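None of these values were measured; they are calculated from a predicted model. For this chain, numbers begin at 1 and follow the sequence in order.
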Amino acid sequence: MNASHAGKGPPGPGLTRRRMLGVLGGAALLPFAGGLAGCTTRSRSDLPGGVDFVYLGDINQRAQFEALFAEFNEQHPEIALAASGKSGSWAQFVYAVATQIAGGQPPDIVQIATEGQRLFASKGVLAPLDDLIATDRAEVDEYYGDIHDKLRTWTQRYGSPDEHTYYIPGGYNPIVQFCHTELLDRAGVEVPDDGWHWDDLMAAGRKVKAQGAFLMTVQNGYWHDVLPWLTNNGTSSLDADWREATINSPEAVEAAEMARALVKAGYAPDPGGSYDPPTLMQQGRLASFHDGAFGIVNADRIGLTDKIQVVNFPNNGVHGTPVGWDAWDITAESQHGEDAWTFIKYLMSRDAGEFYAQTGGTIVPARRSVARSDAFLGGAPRGSERLVNALELEYATPVPSPERGPEIQDAVEEGWLQVVSGYSDARSQLNRTYDKIGPLL
């Protein structure tokens with residue numbers, strides 16, 4: 001991408017840069033987001049000798065990849081790119097890529113979010129990047145100097161089975177709360193700049209319910225729903241080394257009981273449904289929803305950007321949030337390592353970060369210079385800088401993702417749903433979840 005793009009306005013007449021995402025691919029996450037959606041954009045037969053870029057996802061990202069490749073090819077027309085998406089869990093994704101490698105058609109770059117980094121690196125199918133980094137040390141150091149150091153150190157700590165470097169970290173996503181200020185004002189509920197304390201949630205829920213709406217949602221998604229409750233009570237599903245389960249700690253039990261209380265009182269919809277929280281807010285039936293940077297896109301989609309304030313997720317005296325991030329690698333069997341590295345260097349560039357931020361980015365740009373610029377925050381709801389602050393203020397913790405992380409995630413989600421749905425008490429159920437996780441560690 002050329003530098004002049006950074007100064008351009010919205011990508012088309014009548015379109016905000018956030019709504020451009022809808023034109024590019026509906027409700028899809030961008031190719032930098034963990035747990036992505038995507039598809040095969042161009043086949044390798046169409047691009048013989050091209051760099052094969054593989055990601056976890058479905059059919060919704062064709063336009064994003066084509067736009068990304070077009071920008072890249074303005075600088076490097078000699079490098080052909082092909083992207084292919086694979087669906088399923090992270091375990092299924094790793095198996096599918098391993099099968100592709102064993103079949104003699106290794107991809108060149110595998111885009112992996114936090115949940116799959118250790119799992120994939122443990123299979124021994126990645127090439128160390130140390131020599132490439134050393135060759136382009138100044139360029140890589142410039143990138144590292146513009147991102148939060150924890151992105152680099154976490155990627156090395158959790159994603160490397162030895163002393164080598166296998167991943168370059170990309171953008172990240174914490175969880176924040178998107179609050180409909182007009183609805184809350186009508187209910188007489190104040191929106192604290194720093195987010196609600198748990199002690200205030202029941203009173204706020206009662207007032208919002210009197211207006212015929214829910215205060216917030218309670219679901220069982222691992223990163224999106226369970227971990228925010230845990231990290232805002234000083235705990236997580238696993239310890240910091242990902243070696244011991246903490247899902248049944250007193251803090252975890254207390255968090256699950258708080259989430260269940262909101263559902264039981266009718267201040268949150270029944271868990272397990274297929275409702276869309278932003279749509280409920282648009283209908284005046286929901287006062288707040290929690291999300292990562294994709295919430296910015298959703299705020300624009302429902303036409304409420306100017307009426308939404310972003311605050312921290314409700315806390316019990318300690319701020320916390322789970323954070324996941326993307327990482328780029330090169331497979332050991334790649335036949336196009338130099339071209340793959342050239343593309344990864346482009347992904348590290350400010351140009352690439354601004355390009356996606358300006359076309360409706362659904363992940364916080366890794367580069368501070370982009371994350372705090374109008375490319376990302378311009379036109380976003382008030383308080384959206386809290387997405388950046390989660391790292392800057394040191395209260396974000398990585399999504400626990402050991403080698404058998406997908407199985408652990410399933411166990412946690414299943415147990416949490418039993419609690420918040422009222423089918424089991426928190427202590428008994430989370431003890432059972434602990435027993436399931438133990439053998440997986």
Side-chain angles (χ1 to χ4, degrees), residues 33-34 113-115 117 146-159 169-179 191-201 216 218 221-242 246-247 249-256 258-259 288-296 309-326 362-368 370-372 376-377 380-401 412:
T114 312
E115 292 89 334
Q117 287 166 22
D146 197 20
I147 71 174
H148 197 287
D149 189 58
K150 281 192 172 180
L151 288 177
R152 181 183 61 82
T153 58
W154 281 341
T155 302
Q156 190 70 20
R157 175 182 179 184
Y158 294 118
Y172 61 94
N173 247 334
I175 289 288
V176 293
Q177 198 85 355
F178 293 79
C179 299
V191 183
D193 287 339
D194 213 23
W196 286 299
H197 191 280
W198 288 4
D199 290 345
D200 303 320
L201 281 180
M216 59 185 296
V218 172
Y222 190 51
W223 163 75
H224 189 270
D225 301 291
V226 180
L227 291 174
W229 283 106
L230 299 180
T231 55
N232 279 280
N233 202 29
T235 190
S236 187
S237 56
L238 305 179
D239 66 8
D241 294 322
W242 300 353
T246 55
I247 190 63
S249 68
E251 294 82 3
V253 171
E254 185 179 27
M258 183 71 246
S288 69
F289 64 85
H290 52 278
D291 209 340
F294 196 50
I296 297 176
Q309 179 181 351
V310 178
V311 300
N312 292 325
F313 190 86
N315 72 90
N316 195 28
V318 55
H319 285 301
T321 180
V323 62
W325 62 92
D326 281 346
T362 58
I363 198 164
V364 182
R367 283 181 172 268
R368 284 185 169 108
V370 179
R372 293 202 174 278
F376 179 65
L377 294 177
R382 178 164 55 98
S384 292
E385 64 276 4
R386 293 186 183 278
L387 287 159
V388 184
N389 291 344
L391 276 188
E392 300 294 339
L393 299 181
E394 307 290 338
Y395 56 78
T397 54
V399 177
S401 305
V412 171

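- Qualifying ring-ring contact (aromatic ring centres under 6.0 Å, His included) partners for Tyr222, counting only residues two or more places apart in sequence or in other chains: none.
- Heavy-atom minimum distance, Asn232 versus Gly320: ND2-O, 2.7 Å.
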I'd like to know whether Val311 forms a side chain to side chain contact (heavy atoms under 4.5 Å, CB included) with Cys179, so could you lay out the CA-CA distance, the side-chain angles of the two residues, the decisive distance to 0.1 Å, and finally the verdict. CA-CA 7 Å; Val311 300; Cys179 299; 3.8 Å; yes
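- Under the rule for a side chain to side chain contact (heavy atoms under 4.5 Å, CB included), the partners of Ala390 that lie at least two apart in sequence or sit in another chain are Pro174, Thr321, Tyr395, Ala396.
- Listed by chain and number, the residues in a salt bridge (Lys or Arg N to Asp or Glu O under 4.0 Å) with Glu392 are Arg368 (sequence neighbours excluded).
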Just do the side chain to side chain contact (heavy atoms under 4.5 Å, CB included) check on Thr397 and Val323 with the steps written out, would you? CA-CA 6 Å; Thr397 54; Val323 62; 5.9 Å; no
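- Here the closest non-hydrogen pair linking Leu238 and Pro400 is CD1-CB, 3.8 Å.
- Note that CH2 of Trp325 is 11.0 Å distant from CD1 of Ile363, once rounded to the nearest 0.5 Å.
- Scanning for side chain to side chain donor-acceptor pair (under 3.5 Å) contacts around Asp239 gives an empty result, with sequence neighbours left out.
- Note: Leu151 CG to Trp154 CH2 = 7.0 Å, rounded to the nearest 0.5 Å.
- Between Ile175 and Thr231 there is no side-chain heavy-atom pair separated by less than 4.5 Å.
- Shortest non-hydrogen contact noted between Gly324 and Thr114 is CA-OG1, 3.2 Å.
- Here Gln309 contributes atom CD and Ser288 contributes atom OG; the two are 11.5 Å apart, rounded to the nearest 0.5 Å.
- From Tyr158, atom OH reaches atom OG1 of Thr153 across 9.0 Å, with rounding to the nearest 0.5 Å.
- Proximity of Gln117 to Ser401: side-chain heavy atoms (C-beta onward) are nowhere separated by under 4.5 Å.
- Contact between Leu391 and His148 at its shortest, heavy atoms only, is O-NE2, 3.1 Å.
- The closest side-chain heavy-atom distance from Pro169 to Ile147 is below 4.5 Å.
- The two atoms that bring Leu227 and Ser236 nearest to each other are CD2-OG, 3.7 Å, heavy atoms only.
- At a threshold of 4.5 Å between non-hydrogen side-chain atoms, the residues Pro314 and Met216 count as touching.
- His290 contributes a side-chain N or O that, together with a main-chain N or O of His224, makes up a donor-acceptor pair within less than 3.5 Å.
- Partners of Asp194 by salt bridge (Lys or Arg N to Asp or Glu O under 4.0 Å), not counting sequence neighbours, listed by chain and number: Arg386.
- In this structure the side chain of Ile247 reaches within 4.5 angstrom of the side chain of Leu230, judged on heavy atoms.
- With sequence neighbours excluded, the residues forming a side chain to side chain contact (heavy atoms under 4.5 Å, CB included) with Asn316 are His197, Trp198, Asn233, Glu254, listed by chain and number.
- Between Ala371 and Pro365, the shortest heavy-atom distance links the atoms CB-O, 3.7 Å.
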